[in-house]
Protein chains: 2
Amino acid sequence: MRLVVGRCSVDYAGRLSASLAEAVRLVMVKADGCVAVHADGGAYKPLNWMNAPNTLREEEGRWVVTNPAGETLTITFSEVLLDAAHDLGEDPGLVKDGVEAHLQELLAAHPETFGDGVTLVRREYPTGIGPVDLLCRAADGSTIAVEVKRRGEIDGVEQLTRYLERLNRDPLLRPVRGVFAAQRIKPQARTVAEDRGIGCVEVDYDRLRGLESDELRLF
Amino acid sequence: MRLVVGRCSVDYAGRLSASLAEAVRLVMVKADGCVAVHADGGAYKPLNWMNAPNTLREEEGRWVVTNPAGETLTITFSEVLLDAAHDLGEDPGLVKDGVEAHLQELLAAHPETFGDGVTLVRREYPTGIGPVDLLCRAADGSTIAVEVKRRGEIDGVEQLTRYLERLNRDPLLRPVRGVFAAQRIKPQARTVAEDRGIGCVEVDYDRLRGLESDELRLF
DNA sequence: GTGTATATCTCGGGG
DNA sequence: CCCCGAGGTATACAC
């Protein structure tokens, strides 16, 4: 990784045009060739950037970065305050816990969350326009389609609505009810869901995970 | 801006849990207090980060970053290879051209894109659940609601569908047809749109901009 | 503050 | 390779 701090102006021409007037900024060049221009604020997002793969041509006080799509980033330096290079090596990578996939996994293991006698048919059940997260069977033989989200917003309800419309065309599944499951469901999403007869379930992630580890302890 | 390159392990606890095993990384601390941990690859997104506002407590070989929501980022250093601070000052900021707002502007100036005799009623026409990008009048007196996107995906069709449902309740506007306009429309979005009787128009941004400058040249 | 829409979104998975 | 969906999305803007 190469770090350059300097006074520069920047121009990007590609999916859009964007330009930066002269100021002092950090230019970061990573080992994979990607380039990012950072100001001293504005969260982690750079002002301007070019993703790998691309080629960096370094002229006198001027860098021209080009990628295979023909986009270009031009950085013109009038002053360089720091120019340091370090070999960081491979990164072992991030380990995450608590994302939607894990929530789906826990709910698949505990379909009774959606009602007494509810059993799992399968996860990622294909509908023709994308897979529905969980397909379950209710005690009365009817089908339940579950959309799982970490945060329940209106998009998730729309997604489930599209799946339900498709699934209800299948005589072997019909009637299919919808359940929208999330750690937290926004009021607007709940209103739209209930308007459409879709059930809403707020899931306690930590409690579910607790159940899981309790069960593991039995073995 | 402070730049630290060093061997470190990192833990984040907040909306999820995420951890990084020990490796050499760049830690960037911006003037606004935000912290980002970068590996030597992977575009501009850091492996781990904390957005401003937050407080950084620096102990012996260990940084603890806390934000008002109670999330914490802990960085434990075993070795420091670089520790440099620079005052970058205020940034004049990015000037952009070619985003959705410009596309909307150009289409507002050229409603004939949507059919002969089509005229603009107004931009950002309020519907009660958000503004529709363009409201137009067709030659036959019927109304056209246009949703403009740079990239036409399914979310945009859903958005337009919600607007159309609202607009068609208004007897002064009814009947309202929908048109989905984008530089490029994804197949799935097109399928859903056409299912619902919504027209799809792919817009050539450069050609429209050309028309615009031709007209300016007449004056 | 919540809600809504945008983004050169980034990133990862599946066909 | 493109398409699609998720994200600790972040960010701006309206109500």
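Below, each value reflects all heavy atoms present in this structure, side chains not excepted, and no hydrogens, waters or symmetry copies. Proteins come first, then strands; the chains are lettered A, B, ... in the order of their sequence lines, and each starts at number 1.
- Ring geometry for B:His38 against A:His38 counts as perpendicular: the plane angle is over 60°, on a 0 to 90° scale with 30° as the lower cut.
- Rounding to whole angstrom units, OH of residue B:Tyr44 and C1' of C:dC11 are separated by 11 Å.
- If you measure from atom CG of B:Asn48 to atom P of C:dT10, you get 19 Å, rounded to the nearest angstrom.
- On the P atoms, D:dC4 is 22 Å away from D:dG8, given to the nearest whole Å.
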Review item, nucleotides 3-7 of chain C N/O atoms under 3.5 Å of protein N/O:
unit_1, atom_1, unit_2, atom_2, d
C:dG3, O3', A:Gln188, OE1, 3.0
C:dT4, OP1, A:Gln188, OE1, 2.5
C:dT4, OP1, A:Gln188, NE2, 2.2
C:dA5, OP1, B:Tyr163, OH, 2.6
C:dA5, OP2, B:Arg162, NH2, 3.4
C:dT6, OP1, B:Glu100, OE1, 2.8
C:dT6, OP1, B:Glu100, OE2, 3.0
C:dT6, OP1, B:Lys149, NZ, 2.8
C:dT6, OP2, B:Lys149, NZ, 2.3
C:dT6, OP2, B:Gln159, OE1, 3.4
C:dT6, O5', B:Glu100, OE1, 3.3
C:dA7, OP1, B:Glu100, N, 3.2

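- C:dT8 and C:dT4 have their P atoms separated by 23 Å, with the value rounded to a whole Å.
- Between the C1' atom of D:dA6 and the NE2 atom of A:His102 lies a distance of 17 Å, rounded to the nearest Å.
- A distance below 6.0 Å separates the ring centres of A:Tyr205 and A:His102.
- Stacking between A:Tyr12 and the base of C:dT8 is present: ring centres sit under 5.5 Å apart and the planes differ by under 30 degrees.
- A donor-acceptor contact shorter than 3.5 Å is absent between the side chain of A:Thr127 and the backbone of A:Tyr163.
- In this structure the side chain of B:His86 never reaches within 4.5 angstrom of the side chain of A:Val24, judged on heavy atoms.
- Among the heavy atoms of the strands, none lies under 4.0 Å from A:Met50.
- Taking atom CG of residue B:Leu47 and atom C1' of nucleotide D:dG7, one finds them 15 Å apart after rounding to whole Å.
- A side-chain N or O of A:Arg137 and one of A:Thr143 form a donor-acceptor pair less than 3.5 Å apart.
- Rounded to whole Å, atom C1' of D:dT11 lies 13 Å from atom CG of B:Leu94.
- In terms of phosphate contacts, A:Asn51 brings a side-chain nitrogen or oxygen within less than 4.0 Å of OP1 or OP2 of C:dT10.
- Remark: the backbone N or O of B:Asn54 is not paired with any side-chain donor or acceptor of B:Asn67 at under 3.5 angstrom.
- In this structure, A:Trp49 has its ring center no closer than 6.0 Å to that of A:Tyr12.
- Atom CG of A:Asp91 and atom P of C:dC11 are 13 Å apart (whole Å).
- When the C1' atom of C:dG12 is taken as reference, atom CD of A:Glu124 falls 13 Å away, rounded to whole Å.
- A:Ile185 places its CD1 atom 17 Å from the P atom of C:dT2, with the value rounded to the nearest Å.
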